Colleague: 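First the structure, then my questions, so here it is.
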Amino acid sequence: MDKASMRPYQKIKQKLRDAIQRGAFKPGDKLPAERDLAAQFEVSRSIVREALILLELEQCVKIRKGSGVHVLPSPESTLTPEPIVGQRGRRRV
């Protein structure tokens with residue numbers, strides 16, 4: 001879907017996701033308040049709220065009532081490779 005045909009909340013979601021992916025917000029970081037994001041993107045808070053809900057559905061953020069919106073670790077970063085175990089339980093590197 002090209003940006004011209006995207007709805008405003010989809011554009012905001014994409015901008016926030018891009019910011020998260022390039023490291024502007026790291027896992028555990030709290031995103032700015034809805035009203036601040038709305039002012040930054042020059043949209044209503046309801047548009048920002050819809051974008052944040054989409055990001056939560058994509059498991060990019062966690063919305064915590066009364067606490068804000070926090071960035072989650074990406075699924076790739078939570079995967080840790082299993083060590084290779086050789087004979088007699090020794091690890092091979």
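Hydrogens, waters and symmetry mates play no part in the numbers below; they use all other heavy atoms, side chains included. On a predicted model such as this, the values are computed, not experimentally measured, just so you know.
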Colleague: Going through the checks in order, is the side chain to side chain contact (heavy atoms under 4.5 Å, CB included) test met by K13 and M6?
Modeller: CA-CA 11 Å; K13 179 206 64 146; M6 293 174 82; 5.8 Å; no

Colleague: Please write out which residues are connected to L54 in a hydrophobic cluster, directly or through intermediates, given that two of Ile, Leu, Val, Met, Phe, Trp, Tyr count as joined at side-chain heavy-atom separations below 4.5 angstrom.
Modeller: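 Answer for L54: Y9, I12, L16, I20, F25, L31, L37, F41, V43, I47, V48, L52, I53, L55, L57, V61, I63, V69, V71.
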
Colleague: Closest heavy-atom contact between R17 and C60?
Modeller: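 Scanning both residues, the minimum pair turns out to be CD-SG, 4.2 Å.
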
Colleague: Using the rule side chain to side chain donor-acceptor pair (under 3.5 Å), only one of K65, H70, R64 pairs with S67; which is it?
Modeller: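 Answer after filtering K65, H70, R64: H70.
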
Colleague: As a quick check of understanding, evaluate side chain to side chain donor-acceptor pair (under 3.5 Å) for Q14 and D18, giving each step before the final call.
Modeller: CA-CA 6 Å; Q14 187 63 46; D18 290 346; 2.8 Å; yes

Colleague: State the CZ-CD distance between R49 and E34, to the nearest 0.5 angstrom.
Modeller: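 Answer rounded to 0.5 Å: 4.5 Å.
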
Colleague: Distance check, rounded to the nearest 0.5 Å: R7 atom CZ versus E50 atom CD?
Modeller: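 Here the rounded value is 11.0 Å.
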
